[in-house]
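Structure first, then comments.
Predicted model, so just to flag it, every value in this text is computed and none were measured.
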Amino acid sequence: MKTAVLVFPGSNCDRDLAVALERVTGTAPAMVWHGETALPDGVGLVAVPGGFSYGDYLRSGAIAARSPIMRAVVEAADKGLPVLGVCNGFQVLTEAGLLPGALMRNARLTFVCRDATLTVGNASSAFTRSYAAGERIVVPVAHHDGNYYADDETLDRLEGENRVAFRYADTVNGSRRDIAGILNARGNVLGMMPHPERRVEAAHGGTDGRRLFEGLLETVGA
Ligand SMILES: NC(=O)CC[C@H](N)C(=O)O
């Protein structure tokens, strides 16, 4: 599977994601600079990395969401291309309007960096098919703006349409309804605050994150 990882000014977890994708797919991703206006031909996944973008000025993800490459990403997502946003990437995807809601400052106003136990909600998307619904997995978090907010109507819709991919098993950042990751209506866009790319080999303490990339590979094909 050919993949693309976006790179913004100040991105600092793009290489983590690239290494994880290469380990699982066997092919190094194309690293796509934010100023590009088109995605490389034939990519089966666009990954928006975690870390920071543009120093997180204004709001996390707000400036990155308006960079030239994001127009191409929104267009491709609308046509069904899988798009994964991890942490800062999730923030970018909400700011770009590909996912509903917003990621606000953590409820305790502190940076949270630790392993988080998640429960899998939707286990039938391209991203989550290698998990079982209700399964508990461990994936690390590292953020100060992970406090997911959406109004009740949006939250009810996300739950009613089985679009909550992951929830925190305990309180991590104050997210409404403990939401850690959500899907778009079509199921081809996933945003999640935990970092699956930091849990892909035994040396990371487990491989629960790797399964997400393996599920994608099964869906998209080599
Ligand atoms: N690990 C990350 O992607 C962090 C995202 C963002 N900089 C935050 O702290 O919320």
Side-chain angles (χ1 to χ4, degrees), residues 1-8 10-34 39-40 42-53 60-61 64 69 73 76-77 81-93 98-99 112-118 120 122-123 125-131 135-143 146 165-166 168 172 180-183 187-222:
M1 174 172 65
K2 206 170 147 187
T3 60
V5 173
L6 304 190
V7 185
F8 301 101
S11 286
N12 62 330
C13 299
D14 46 333
R15 279 170 293 173
D16 308 23
L17 200 48
V19 168
L21 284 167
E22 183 168 1
R23 292 265 156 87
V24 176
T25 65
T27 309
M31 305 303 284
V32 180
W33 184 237
H34 72 119
L39 291 164
V43 293
L45 167 75
V46 175
V48 191
F52 287 78
S53 50
S60 300
I69 194 60
V73 172
L81 184 73
V83 177
L84 167 67
V86 171
C87 203
N88 196 241
F90 184 11
Q91 296 162 342
V92 173
L93 296 183
L98 280 173
L99 291 170
V112 179
C113 183
R114 64 169 170 91
D115 283 344
T117 301
L118 311 178
V120 177
N122 176 314
S125 76
F127 306 92
T128 54
R129 56 183 282 175
S130 66
Y131 304 110
E135 186 182 349
R136 287 162 86 93
I137 60 173
V138 176
V139 183
V141 295
H143 57 250
F166 303 107
Y168 302 109
V172 167
I182 54 166
L183 293 154
N188 65 307
V189 178
L190 169 68
M192 62 189 291
M193 287 312 292
H195 286 264
E197 78 281 14
R198 295 187 189 169
R199 203 85 178 184
V200 295
E201 49 190 272
H204 293 161
T207 54
D208 283 344
R210 183 183 184 99
R211 292 162 58 199
L212 183 145
F213 300 108
E214 288 172 344
L216 263 173
L217 185 60
E218 266 174 46
T219 310
V220 177

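- The shortest heavy-atom contact between V172 and A116 is CG2-CB, 4.3 Å.
- Between S11 and P49, the shortest heavy-atom distance links the atoms OG-CG, 4.4 Å.
- Taken to the nearest 0.5 Å, the CG atom of L45 stands 7.0 Å off from the CG atom of L81.
- In this structure, A126 and T219 approach most closely via the heavy-atom pair O-OG1, 3.4 Å.
- Between V32 and V7, the closest side-chain pair of non-hydrogen atoms is not below 4.5 Å.
- Residues that satisfy the side chain to side chain contact (heavy atoms under 4.5 Å, CB included) test with R15, not counting sequence neighbours, are absent from this structure.
- For T207, the side chain to side chain contact (heavy atoms under 4.5 Å, CB included) partners at least two apart in sequence or on another chain are R210.
- When side chains are defined from C-beta on, L17 counts as touching F213, because their heavy atoms get closer than 4.5 Å.
- Taken to the nearest 0.5 Å, the CG atom of L216 stands 7.0 Å off from the CG atom of L84.
- The shortest side-chain heavy-atom distance between L212 and L190 falls under the 4.5 Å cut-off.
- Side chains of D16 and H195 form no contact here, defined as non-hydrogen atoms less than 4.5 Å apart.
- With sequence neighbours left out, S60 forms a side chain to side chain donor-acceptor pair (under 3.5 Å) with D56, D145.
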Full working for side-chain contact (heavy atoms from CB on, under 4.5 Å) between E197 and V19: CA-CA 8 Å; E197 78 281 14; V19 168; over 6 Å; no
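- With sequence neighbours excluded, the residues forming a side chain to side chain donor-acceptor pair (under 3.5 Å) with R199 are D115, listed by chain and number.
- C87 and G50 make their closest contact through CB-CA, 4.1 Å (heavy atoms, listed as atom of the first residue, atom of the second, distance).
- Shortest non-hydrogen contact noted between L183 and L99 is C-CD2, 3.7 Å.
- Annotation: side chain of V139 is not in contact with side chain of F166 (no heavy-atom distance under 4.5 Å).
- Judged by distance alone, the side chain of N188 and the main-chain N or O of A77 form a donor-acceptor pair under 3.5 Å.
- You'll find the side chain of L6 reaches within 4.5 Å of the side chain of V73, heavy atoms only.
- For the atom pair CE of M1 and CD of E218, the computed distance is 11.0 Å after rounding to the nearest 0.5 Å.
- The side chain to side chain contact (heavy atoms under 4.5 Å, CB included) check on R211 picks up S130, Y131, E135, I137, D208, E214, with sequence neighbours excluded.
- The side-chain heavy atoms of F90 and V48, taken from C-beta on, include no pair separated by under 4.5 Å.
- Residues that satisfy the side chain to side chain contact (heavy atoms under 4.5 Å, CB included) test with N12, not counting sequence neighbours, are F52.
- Residue pairs meeting the side-chain hydrogen bond (donor to acceptor under 3.5 Å, both in side chains) criterion with at least one member in residues 19-34, sequence neighbours excluded, are R23-E201, H34-Y54.
- When all heavy atoms of A76 and L39 are compared, the pair lying nearest together is CB-CD1, 3.9 Å.
- Between L118 and Y168 the shortest side-chain heavy-atom distance falls below 4.5 Å.
- Every side chain to side chain donor-acceptor pair (under 3.5 Å) that T128 has, sequence neighbours left out, goes to N122, S125.
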